[in-house]
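See structure below.
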Amino acid sequence: MEGQMDHVTTIEAPAPRRVARRTSSPRLPVLVGALLALAMIAFDLPSRVVTHVAYAMERGRITANGEELSEAGQIANTFRMVARVARPGVVSIRSWSEAGLAELQRERAEVEKRIAAAGPNPSREEMRKLAEENRALREREQELRESFEQASGSGVVIDADGSILTNAHVIEGREKVRVRLYNRREFEAQVIGVDSQSDLAVLRIGAHDLHPLRFGNSDEMEVGDWVLAVGAPFGLSHTVSHGIVSAKGRTNIVPGWRMAFQDFIQTDAAINPGNSGGPLLNMRGEVIGINTAIATETGYSAGVGLAIPAKMAMNISEQLRATGVVKRGWLGISMMDVTDRTVDLFGGANYWGVLVDIVYEDSPAYRAGLRCEDMIISVDGADVRTTAAVLAVVGNMLPGDTAHVQVIRNGSLLEIPVKIGERPANIDAYVDTRNAIDAVSLDSLGVQARTMQPELWLFMARRPESRAIAIDAREHAERAGVLVRSVKREGSEAQSLQVGDLITAIDDAPTPTVATLRTRLEGRREARLDVTAPNGETRVVRVKLDE
């Protein structure tokens, strides 16, 4: 076995043959995956960005809404604080009249006596008479009940010792007045003073340590400012409503309203019967108005409430508390409102005001130098666009004060200081004893004249002594020119100007106003005037002018 082993030939096995195999590179899948991922990101990126932006915007909206809710909460909190501060200083007022009550009781006692005297079986005639008397008594009782019927309103505590400010119409003409405080205590009230021209009154009750409200500056209020109204609408005491200042300087908004001095703050806060005399408050809890009236066809709130400005209310209440009467400032003029049709005649496009119609001789305005056809545009810095606004501003001043009155005269702006007088108690009696200067002197022409306006004849017709010229002015109402109010000198009959003539041009140049005519007369020795008579006939008048 061993030999055989020696002869065994060892044959080396050939090296294995390498077969080339095609396999993928390990980097390729990574590259492909990366490309696919990039593609997916590329396609998904816009939607992700949009989603992200949308979420961001939504988060922004949510944040903004939260901030707005926070601000709304702050406003609501302000309302709450103002209501808490103000309500203890507001009272409810009931007033009534007992006139005739004693008489009614006597009449009833007399009928009862007659019934007793008729016995248990009255005759038919006696029954008829008693029935008629009872019917008449019931009618009388109904009349008295209507006169006895209560009026209700509100009031503002103005000092700690029982002084209360309210509207005159809440208590005027009533014999009994009761005041109910926030803590439900009730008191009989004494009337300290009533001023019908401003619709304000002051009461006093026997109470102390009350909660007076502070008065703010009503002039600083702007349209759009938040306000609260507190009062007793329909007898519901200490009701609070809210709104904004809708307008300022409202006048003649309530038809037939008797107030001579009107300068209302308008608000859309709910004002209803019973709110009269209650406060209109700013967001500092200050009284900026006394709620007085509503403009409505139903008698209930229609979103147009009217309040007397605090500035006027404070002035009136202080005078009523001190003396029981009110003194008002006075200029001594009669005024007329300008209109869209006439404002350009006096102020041009840049100004709007109130036209002086009459200046009464020896009045404060006359002594200061105000003249007929001056257009008043402001008084002591307060712009005035209506006669009621001028009355309110001047009436709120005290006699002896100096008012700085800005006027447009002959196209120029002037400021005239006027020492305010005291308004006469009887205006009609005063003006009857004063010379009324109701025209502008054109000395070179020898006439007194007025700028023609459509409404001029109405103002002239108010006074007996000017009704004749008012008839002529009415005929010229739709014409433009200068009305000859009076003639100082006479000329030849053919050439002279006559009362009632309308001067429409000078040397073919139109003369729409007295100021225009005055300017065109300057430096002339003579002039040719185009004149229209009240009957419409036209003529040319040649005049020589005084130097």
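Just so it is clear, the values below take in all heavy atoms, side chains as well, and ignore hydrogens, waters and symmetry mates.
- Distance CD/Q190 to OG/S163: 10.0 Å, rounded to 0.5 Å.
- How far CD1 of I333 is from OG of S363: 8.0 Å, rounded to the nearest 0.5 Å.
- For S317 against L165, the heavy-atom pair with the smallest separation is CB-CD1, 3.9 Å.
- With T166 contributing its side chain and G155 its backbone, the two residues share no donor-acceptor pair below 3.5 Å.
- For the residue pair N396 and N315, a side-chain donor N or O sits within less than 3.5 Å of a side-chain acceptor on the partner.
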Test log, rule side chain to side chain contact (heavy atoms under 4.5 Å, CB included), inputs Q453 and R341:
CA-CA 9 Å; Q453 307 169 64; R341 296 176 62 184; over 6 Å; no
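- Contact annotation: the side chain of F79 never approaches that of M81 to less than 4.5 Å [non-hydrogen atoms, C-beta and beyond].
- Shown here for A270 and A229, the closest heavy-atom pair between the two residues is O-CB, 4.5 Å.
- With rounding to the nearest 0.5 Å, the separation of CZ in R174 from OG in S95 is 5.0 Å.
- Within 6.0 Å of CZ on R474 lie no more than 12 heavy atoms contributed by other residues, nucleotides or ligands.
- Using a distance-only test at 3.5 Å, with no hydrogens or angles considered, a donor-acceptor pair links the side chain of R214 to the main chain of R284.
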Would R467 and R463 count as a side chain to side chain contact (heavy atoms under 4.5 Å, CB included) if you check the C-alpha gap in whole Å, the side-chain angles of each, and the deciding distance to 0.1 Å?
CA-CA 6 Å; R467 283 174 186 163; R463 296 185 298 129; over 6 Å; no
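- Side-chain atoms of S154 and H238, non-hydrogen and from C-beta on, never get closer than 4.5 Å to each other.
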Evaluation steps, side chain to side chain contact (heavy atoms under 4.5 Å, CB included), between L200 and I308
CA-CA 9 Å; L200 290 169; I308 299 168; 3.7 Å; yes
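- Using modelled atom types, one side-chain atom of D195 and one backbone atom of S198 make a donor-acceptor pair closer than 3.5 Å.
- In this structure a side-chain-to-backbone donor-acceptor pair under 3.5 Å is present from T292 to I290.
- Once rounded to the nearest 0.5 Å, the distance linking OG of S241 with CD1 of I271 reads 5.0 Å.
- Without hydrogens or angle criteria, R450 side chain to D438 main chain gives a donor-acceptor distance under 3.5 Å.
- Side chains of Q406 and S378: a donor-acceptor N/O pair is present below 3.5 angstrom, by distance only.
- Counting only distance, with no hydrogens or angles, the side chain of H404 and the backbone of E415 share no donor-acceptor pair below 3.5 Å.
- Side-chain N or O atoms of E188 include none that pairs as donor or acceptor with a backbone N or O of I205 at under 3.5 Å.
- Within 6.0 Å of the CG atom in D209, the count of heavy atoms belonging to other residues, nucleotides or ligands does not exceed 12.
- Between V245 and Q266, every side-chain heavy-atom pair lies at or beyond the 4.5 Å cut-off.
- Annotation for A232 and G153: closest pair CB-O, 4.2 Å, computed over non-hydrogen atoms.
- Around atom OH of Y366, no more than 12 heavy atoms belonging to other residues, nucleotides or ligands sit under 6.0 Å away.
- Taking both residues in full, the closest heavy atoms of V418 and A368 are given as CG2-CB, 3.6 Å, listed atom of the first, atom of the second, then distance.
- Partner of L281 under the side-chain contact (heavy atoms from CB on, under 4.5 Å) criterion, chosen from V227, V230, I288: V230.
- The pair E186-R178 meets the salt-bridge criterion, with a side-chain N (NZ, NE, NH1 or NH2) lying under 4.0 Å from an Asp/Glu carboxylate O.
- Considering CG of D159 and NE2 of H211, their distance stands at 13.0 Å, rounded to 0.5 Å.
- Under a 3.5 Å cut-off, the side chain of D161 and the backbone N or O of H208 do not form any donor-acceptor pair.
- Between K248 and D263 there is no salt bridge, since no side-chain N of the basic residue sits under 4.0 Å from a carboxylate O of the acidic one.
- Here the closest heavy-atom approach between residue R321 and residue I192 is recorded as CA-CG2, 4.3 Å.
- The distance from the CG atom of D383 to the CD1 atom of I376 is 13.0 Å, given to the nearest 0.5 Å.
- The side-chain heavy atoms of I158 and I164, taken from C-beta on, include no pair separated by under 4.5 Å.
- Between R371 and I416 there is no side-chain heavy-atom pair separated by less than 4.5 Å.
- Taking both residues in full, the closest heavy atoms of A389 and T251 are given as N-CG2, 4.4 Å, listed atom of the first, atom of the second, then distance.
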Stepwise side chain to side chain contact (heavy atoms under 4.5 Å, CB included) test for R328 and Q197
CA-CA 11 Å; R328 287 187 168 85; Q197 294 189 81; 3.8 Å; yes
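- Using a 4.5 Å heavy-atom cutoff, the side chains of M335 and D357 are not in contact.
- With no hydrogens or angles considered, a side-chain donor-acceptor pair links D199 and H169 at under 3.5 Å.
- Annotation: Y360 is not in aromatic contact with W330 [ring centroid separation under 6.0 Å not met].
- Side-chain contact between W352 and I377 is absent, with no heavy-atom pair separated by less than 4.5 Å.
- Put simply, the side chain of S246 gets close to the backbone of D268: a donor and an acceptor are under 3.5 Å apart.
- Between the side chains of Q448 and R485, not a single donor N or O lies within less than 3.5 Å of an accepting N or O.
- For the pair S218 (side chain) and K311 (backbone), a donor-acceptor distance under 3.5 Å is present.
- With contacts defined as side-chain heavy-atom distances shorter than 4.5 Å, the pair R385/V354 does not qualify.
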